Amino acid sequence: MYQKYNNVERVKPVGLELVDKLVGVQRVTKVTKGGRAFGFSAIVVVGNEAGVVGHGLGKSKDVASAIAKAIEDAKKNLIRIPLDKVTIPHEQKGKFSGAKVFLKPASHGTGVIAGGAVRAVLESVGIHDVLSKSQGSSNPHNVVKATFDALLQLRDASTISQQRGISLHKVFNG
């Protein structure tokens with residue numbers, strides 16, 4: 001899933017204090033010749049609130065086991081996000097299917113200006129000051145994946161200096 005990003009650092013959940021946030025639960029229906037069979041689909045975001053986050057999807061006949069499966073799936077997809085203290089290093093846009101998310105760093109004390117699925121992801125990462133805008137699809141699955149797309153494109157100053165082959169001092173002073 002994260003193959004197109006070259007700076008992704010996968011993380012093992014061993015020893016991490018992970019907090020899970022339920023983004024959404026949908027009731028799904030399968031029509032059979034005997035009538036309708038109901039089930040549930042859940043999307044969950046887990047993170048340690050210090051730069052590590054993952055998302056997962058779980059499906060089951062009852063809500064509790066769907067959420068449990070989603071949490072287990074999220075723990076298998078943990079990644080590390082570069083942070084600038086409690087905000088993001090730079091502006092970034094993310095897109096997935098019909099959902100677009102724009103993230104912008106904010107000054108200390110601003111808070112998380114985001115709604116719904118974007119807020120759940122940003123709080124799980126540990127971002128406390130950020131501005132965001134979500135456009136297009138409001139489907140929670142697409143919005144979560146668009147937010148991850150934006151977060152995966154973030155680079156910190158040391159990564160940029162290494163990629164450009166210049167010193168860290170030159171990145172900031174031109």
Side-chain angles (χ1 to χ4, degrees), residues 1-30 38-89 92-103 111-130 132-156 159:
M1 180 173 180
Y2 306 122
Q3 287 86 0
K4 72 178 189 175
Y5 305 101
N6 55 4
N7 60 339
V8 175
E9 181 189 343
R10 289 202 165 273
V11 180
K12 298 281 185 208
V14 179
L16 291 176
E17 286 288 326
L18 296 173
V19 177
D20 54 84
K21 293 187 188 291
L22 180 64
V23 177
V25 177
Q26 291 81 30
R27 189 175 84 166
V28 294
T29 309
K30 177 177 153 186
F38 296 104
F40 294 91
S41 168
I43 185 163
V44 172
V45 177
V46 299
N48 71 343
E49 298 177 345
V52 175
V53 69
H55 67 91
L57 178 66
K59 298 177 183 180
S60 181
K61 295 287 180 192
D62 63 297
V63 177
S65 59
I67 293 170
K69 286 180 181 182
I71 291 169
E72 289 304 312
D73 187 40
K75 287 178 182 178
K76 294 175 188 173
N77 297 313
L78 291 176
I79 52 168
R80 188 172 304 281
I81 303 296
L83 297 179
D84 186 14
K85 295 184 179 117
V86 292
T87 189
I88 56 176
Q92 192 60 59
K93 293 178 181 175
K95 183 179 184 308
F96 184 86
S97 188
K100 295 177 191 159
V101 172
F102 175 69
L103 302 175
V112 178
I113 310 298
V118 179
R119 175 180 285 272
V121 175
L122 296 176
E123 288 177 347
S124 294
V125 175
I127 297 172
H128 296 296
D129 300 309
V130 69
S132 75
K133 178 71 179 168
S134 179
Q135 296 175 318
S137 171
S138 60
N139 179 339
H141 296 271
N142 291 342
V143 173
V144 166
K145 290 175 184 173
T147 306
F148 266 80
D149 182 50
L151 291 173
L152 286 165
Q153 293 177 56
L154 292 174
R155 300 181 301 168
D156 59 346
T159 305

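Everything numeric in this text was worked out from a predicted model, so none of it was measured.
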Visitor: Nearest heavy-atom pair of Val44 and Ala74: which atoms, and what distance?
Guide: O-CB, 4.1 Å
Visitor: Please report the shortest heavy-atom distance between Ala42 and Ala70, naming the atom on each side.
Guide: O-CB, 3.6 Å
Visitor: Ignoring hydrogens and angles, tell me if any N or O in the side chain of Lys95 forms a donor-acceptor pair with the backbone of Ser97 under 3.5 Å.
Guide: yes
Visitor: Are Leu122 and Leu103 packed together at the side-chain level, in the sense that at least one heavy-atom pair is separated by less than 4.5 angstrom?
Guide: yes
Visitor: What's the shortest heavy-atom distance between Leu22 and Ile43, and which atoms?
Guide: CD1-O, 3.7 Å
Visitor: Just by distance, do the side chain of Thr29 and the backbone of Phe38 share a donor-acceptor pair under 3.5 Å?
Guide: no
Visitor: With sequence neighbours left out, write down each residue that passes side-chain hydrogen bond (donor to acceptor under 3.5 Å, both in side chains) with Asp156, or none if nothing qualifies.
Guide: Ser158, Thr159
Visitor: Where do Ala117 and Val144 come nearest, in terms of heavy atoms and distance?
Guide: CB-CG2, 3.8 Å
Visitor: Give every residue pair that meets the salt bridge (charged side-chain N to carboxylate O under 4.0 Å, His left out) criterion with at least one member in residues 43-53, sequence neighbours excluded.
Guide: none
Visitor: Please report the closest heavy-atom contact between Gly98 and Asn142, naming both atoms and the distance.
Guide: N-ND2, 4.4 Å
Visitor: I need the full list of salt bridge (charged side-chain N to carboxylate O under 4.0 Å, His left out) pairs touching residues 113-130, with sequence neighbours left out, sorted by first then second residue.
Guide: Lys21-Glu123, Arg119-Glu123
Visitor: Once rounded to the nearest 0.5 Å, what's the spacing between atom CD of Gln153 and atom CD1 of Ile81?
Guide: 10.5 Å
Visitor: Under 3.5 Å, side-chain donor or acceptor atoms of residues 57-68 against the rest of the protein: list the pairs with distances, not counting sequence neighbours.
Guide:
unit_1, atom_1, unit_2, atom_2, d
Ser60, OG, Ser65, OG, 2.5
Asp62, OD1, Ser65, OG, 2.7
Ser65, OG, Asp62, O, 3.3

Visitor: What's the spacing between Asp20 CG and Glu72 CD if we round to 0.5 Å?
Guide: 10.0 Å
Visitor: Do Ile88 and Val125 have side chains that approach each other closer than 4.5 Å (heavy atoms only, starting at C-beta)?
Guide: no
Visitor: Using the rule given for side chain to side chain contact (heavy atoms under 4.5 Å, CB included), can you reason through Leu151 versus Ile79, listing the C-alpha separation, both sets of side-chain angles and the distance that settles it, and then say yes or no?
Guide: CA-CA 10 Å; Leu151 291 173; Ile79 52 168; over 6 Å; no
Visitor: By side-chain contact (heavy atoms from CB on, under 4.5 Å), which residues pair with Lys133, not counting sequence neighbours?
Guide: Phe102, Gln135
Visitor: Residues two or more places apart in sequence or in another chain: which of them pass side-chain hydrogen bond (donor to acceptor under 3.5 Å, both in side chains) with Gln26?
Guide: His141
Visitor: Measuring from atom NE2 of His128 to atom CG of Leu83, what distance do you get when rounded to the nearest 0.5 angstrom?
Guide: 9.0 Å
Visitor: Which atoms form the tightest heavy-atom contact between Asp73 and Gly56, and what is the distance?
Guide: OD2-CA, 3.3 Å
Visitor: Among residues at least two apart in sequence or on other chains, which ones pass side-chain contact (heavy atoms from CB on, under 4.5 Å) with Ala146?
Guide: Phe96, Ala99, Val101
